[in-house]
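Take a look at the structure set out below.
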Protein chains: 2
Amino acid sequence: MLPAARHQAIVDTVQRERVVRVSDLAQQLGVSLMTVRRDIELLEEAGRLERIHGGAKLPGDASTHEPGFELKSTQLTSEKRAIAVEAAALVQEGMAVGLSAGTTTWALAKELVNGPPITVVTNSVRIADLFHHAAAAGRTHYSSTVILIGGQRTPSDALVGPIATSALKQLHLDLLFLGVHGMDAVAGFTTPNLLEAETNRAFVAAARKTVVLADHTKWGVLGISSIASLDEVDEVISDPGLGSEAQRVLQEKVGKLRLAAA
Amino acid sequence: MLPAARHQAIVDTVQRERVVRVSDLAQQLGVSLMTVRRDIELLEEAGRLERIHGGAKLPGDASTHEPGFELKSTQLTSEKRAIAVEAAALVQEGMAVGLSAGTTTWALAKELVNGPPITVVTNSVRIADLFHHAAAAGRTHYSSTVILIGGQRTPSDALVGPIATSALKQLHLDLLFLGVHGMDAVAGFTTPNLLEAETNRAFVAAARKTVVLADHTKWGVLGISSIASLDEVDEVISDPGLGSEAQRVLQEKVGKLRLAAA
DNA sequence: CCTGGTGTCGAGCAGCGGGGAGCATGGTGT
DNA sequence: ACACCATGCTCCCCGCTGCTCGACACCAGG
């Protein structure tokens, strides 16, 4: 067994198991404890793993095992927050408001819990949680009604599938805020998750007015599945980082474009 | 068990259950109370959880000292667990299993995450969370499919209302585990929440076989709303604390009564 | 409001298992 | 044959763990 191959095997194991002990590796690879320790020392210097007492673990694994959400929700917070504030201004007391799953809509939800009482319809467990906890803590005088659409849960905490779409068919929304993964001049609004796209299409169908929330980094990004073409939505809220060409296209196709200053 | 793995397990448990007690963690992880306390201390410094008397909770979670966290978590846990273990034995790989909201069904869910892969249908956000986190942590080889029924959220974390009932009409369950607030010779199985009762009736209608989980303290308790009469369910699982008169009635009306020894 | 009982918390100490330095050995390339 | 490198071994140290005991928090009863 060559050292390089052994190193690779160790890294593989750590990535697979998240944490691994020196003694297990030694037995599994048929080498001594010392050798494994030295390997781990080297690999730590190379930044491929992190050494801990008794073994090794993934580097920087101190955080949650859902890297997507936590990371994304800290990224671009100022732009997202500005977009959320702008969007919240569209909401009036008593409205039935739809919120798709996503980090930008989540930022909006954080604004809305402190706003006037409304009826919220969402397929995001996290967003429903947000309102639920706010109501439980009594932070809002009159609490909003939250309807969580059912279905199967995706890794990004969205509920999708036939249950979700058929539930949406029964509902009518005054206003839908849609988070997207990408927007493009020809492909329109897209997401990488097929099931989520289907659910979002149902959301759009149920809403009288659709507003897309997307920061400027979303322009030109294509997910595999289309949610809607540009002219199917009524408004886009983005931020001033959006290129002038993108602004022109959106202005023309969507009709209404709002740029939220951070 | 490596410290890092243990820390991860603790954080997972806290995120899944919102509140955990030191003693439960110690037993579950096979380490001493002191070790768990020290781990919790470290994890608190890292901001991954918050320490409370007797255990730990999610950081920033409003459900600080709900009236009787102490009480609720210690009360009847052994009976509930015994009932849950007994119930879990009825579940076989690939089944479509319904779980109503409630603490007893939640205890059952904790058993089921480590069991064979099944399809779970529930209206409890907490139970869905449980499976979701277990799957994300990769603790189960083949993860179960979880369908969360939508609707409005009650204070006890159940999703109810027309959305929930209409979603249940589309589904068929091999087996339903129903948690109830009270059972009585004449009133049958009852709950204090009208909306929850309606949803639970929809659950019963969707299931080919219904099993009620209820510890002995539920006997003679009446909620305002009836879910089902005694003869409408196929089996009751309770504990040996159940009075002999109650045993006789249940045996006669339900047909099958199982008492789980703690 | 006070008081007792139960259970939890924290500090200190001892045992144990893993970590690291230095040296001997074997295998390989020159 | 020689030099070099990787490996394994041994001894000593250190961190982790569990135990014990005194202090404190929470709950129940008067």
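No hydrogens, no waters, no symmetry mates; every other heavy atom, side chains included, goes into these values. Lettering of chains follows the sequences in order, A, B, ..., and the numbering in each one begins at 1.
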[X] [atom1] - [N] [atom2] separation (whole Å):
X	N	atom1	atom2	value
I40(B)	dT17(D)	CD1	P	14 Å
Q27(B)	dT8(C)	CD	P	13 Å
L33(B)	dG10(C)	CG	P	13 Å
D39(A)	dT7(D)	CG	C1'	10 Å
L25(B)	dT8(C)	CG	P	13 Å

### Query
Can you find a heavy atom in the side chain of V180(B) that is under 4.5 Å from one in the side chain of T190(B)?
no
#### Entry: Flag side-chain contact, heavy atom, 4.5 Å: R81(A) against K110(A)
no
### Query
Between dG8(D) and T35(A), is there an OP1 or OP2 to side-chain N/O distance shorter than 4.0 Å?
yes
### Message
Counting primed atoms plus P, OP1 and OP2 as sugar-phosphate and everything else as base, spell out the protein contacts along nucleotides 15-21 of chain C at 4.0 Å heavy-atom distance: B, S or - for each nucleotide, 5' to 3'.
### Response
---SBSB
### Message
Just to be sure I understand: a Watson-Crick pair is purine N1 to pyrimidine N3 plus N6-O4 or O6-N4, both under 3.5 Å. Using that and G-U wobbles, which stems of three or more pairs involve DNA chain D?
### Response
C:1-30 with D:1-30
### Message
Any carboxylate oxygen within less than 4.0 angstrom of a Lys/Arg side-chain nitrogen, looking at D239(B) and K218(B)?
### Response
no
### Message
Is there a side-chain hydrogen bond (donor to acceptor under 3.5 Å, both in side chains) between N193(B) and T191(B)? Walk through the geometry before answering.
### Response
CA-CA 6 Å; N193(B) 186 318; T191(B) 166; over 6 Å; no
### Query
Does the pair E44(B) and E50(B) meet the rule for a side-chain contact (heavy atoms from CB on, under 4.5 Å), with working shown?
CA-CA 5 Å; E44(B) 183 179 40; E50(B) 216 164 292; 4.3 Å; yes
## Note on the structure
Paired with L195(B), the side chain to side chain contact (heavy atoms under 4.5 Å, CB included) test is passed by just one of L159(B), N200(B), V160(B), namely V160(B)
### Residue list, side chain to side chain donor-acceptor pair (under 3.5 Å) with E245(B), at least two apart or on another chain
R248(B)
### Query
Considering residues, nucleotides and ligands other than Q8(A), do more than 12 of their heavy atoms fall under 6.0 Å from its CD?
yes
